[in-house]
Amino acid sequence: QVQLVESGGGLVQVGDSLRLSCAASGRTFSRTAMAWFRQAPGKERESVAAINWSGSRTNYAGSLKGRFTISRNNAKNTVYLQMNSLKSEDTAVYYCAASNSDIALTLKSNYNYWGQGTQVTVSS
């Protein structure tokens with residue numbers, strides 16, 4: 001079993017930056033792909049980015065690549081999401097997810113464990 005705890009969300013202004021963290025515990029963190037998803041009010045949960053265990057492969061939702069960066073520190077069992085040039089449409093609850101595989105897919109079905117989410121609100 002894996003427990004995931006997100007942090008770093010909050011209220012920011014359009015154009016600001018924010019870094020989310022996801023701390024994993026409960027079992028060996030190695031050889032697992034990790035990902036970030038988000039869900040805005042009234043919308044389905046959508047993929048943001050994914051990363052394999054070594055960090056050598058990342059995948060992004062097309063519209064977010066260039067503004068968002070996913071990274072991980074396996075020594076700290078933590079995955080990060082750096083978000084720059086935030087827009088009002090980035091407002092959502094952001095979820096961290098862990099997979100039993102090491103394939104950095106952005107599909108929800110690839111992930112077995114989910115955090116509780118952290119709210120990001122971008123105000124204009």
Side-chain angles (χ1 to χ4, degrees):
Q1 192 75 7
V2 175
Q3 290 81 44
L4 304 172
V5 179
E6 302 96 336
S7 61
L11 174 63
V12 296
Q13 302 291 316
V14 169
D16 284 352
S17 297
L18 202 60
R19 189 176 82 155
L20 305 182
S21 299
C22 172
S25 62
R27 73 163 216 195
T28 303
F29 188 59
S30 64
R31 304 298 176 187
T32 58
M34 302 288 293
W36 288 95
F37 291 80
R38 69 183 184 182
Q39 188 166 16
K43 296 187 177 181
E44 291 194 2
R45 193 170 298 188
E46 63 177 6
S47 64
V48 174
I51 188 168
N52 69 343
W53 172 72
S54 68
S56 62
R57 290 186 179 271
T58 57
N59 283 306
Y60 294 89
S63 61
L64 301 178
K65 191 172 184 178
R67 292 196 299 122
F68 289 15
T69 303
I70 189 171
S71 62
R72 65 192 295 167
N73 183 330
N74 291 337
K76 294 184 177 181
N77 287 351
T78 302
V79 175
Y80 306 97
L81 183 69
Q82 177 68 42
M83 304 185 293
N84 298 328
S85 302
L86 283 162
K87 305 176 181 181
S88 56
E89 52 262 43
D90 294 320
T91 295
V93 177
Y94 284 72
Y95 297 91
C96 174
S99 174
N100 283 332
S101 76
D102 191 29
I103 303 173
L105 299 176
T106 52
L107 298 172
K108 289 194 295 284
S109 59
N110 191 53
Y111 296 90
N112 308 94
Y113 308 99
W114 294 82
Q116 293 300 306
T118 185
Q119 176 71 47
V120 172
T121 303
V122 184
S123 173
S124 57

> Tell me the closest heavy-atom pair linking V2 and A98, and the distance in Å.
CG1-CB, 4.4 Å

> Do V48 and V12 sit in the same hydrophobic cluster, where Ile, Leu, Val, Met, Phe, Trp and Tyr count as joined when their side-chain heavy atoms come under 4.5 Å apart?
yes

> Write down the atom of A40, the atom of A92, and the distance for their closest heavy-atom approach.
N-CB, 3.8 Å

> Roughly how far, to the nearest 0.5 Å, is CG of L64 from CD of E46?
7.0 Å

> With a 4.5 Å cut-off on side-chain heavy atoms, are S99 and T32 touching?
no

> Does atom CD of E89 have more than 12 heavy-atom neighbours, drawn from other residues, nucleotides or ligands, at distances under 6.0 Å?
yes

> With hydrophobic residues grouped by side-chain heavy-atom distances under 4.5 Å, do V93 and L4 end up in a single group?
no

> Residues in side chain to side chain donor-acceptor pair (under 3.5 Å) with S71, at least two apart?
none

> For V120, what residues pass the side chain to side chain contact (heavy atoms under 4.5 Å, CB included) criterion, not counting sequence neighbours?
L18, L20, M83, Y94, V122

> Can you tell me how far apart CZ (R38) and CG (D90) are? Round to the nearest 0.5 Å.
5.0 Å

> Y113 and W36: same hydrophobic cluster, using ILVMFWY side-chain contacts below 4.5 Å?
yes

> How long is the gap from OH on Y80 to CG on N73, to the nearest 0.5 Å?
5.0 Å

> Hey, mind stepping through Y60 and T69 against side-chain contact (heavy atoms from CB on, under 4.5 Å) and telling me if it holds?
CA-CA 8 Å; Y60 294 89; T69 303; 3.8 Å; yes

> If only atom types and distance count, is the side chain of E6 paired as donor or acceptor with the main-chain N or O of C96 below 3.5 Å?
yes

> Might you point out which heavy atoms bring L11 and S123 nearest each other, and give the distance in Å?
CD1-CB, 4.0 Å

> Pick one: which of N77, N52, T78, I51 meets side chain to side chain contact (heavy atoms under 4.5 Å, CB included) with R72?
I51

> Working to the nearest 0.5 Å, report the span between CG of N74 and CZ of R31.
9.5 Å

> Spell out, yes or no, whether F68 and V14 are grouped together once hydrophobic residues are joined by side-chain heavy atoms under 4.5 Å, including indirect joins.
yes

> With rounding to the nearest 0.5 angstrom, report the CD to CD distance, Q116 to Q3.
11.0 Å

> Please enumerate all residues that pass ring-ring contact (aromatic ring centres under 6.0 Å, His included) together with F37, with sequence neighbours excluded.
Y111, W114

> About how many Å separate CG of L107 and CG of N59, when rounded to the nearest 0.5 Å?
9.5 Å

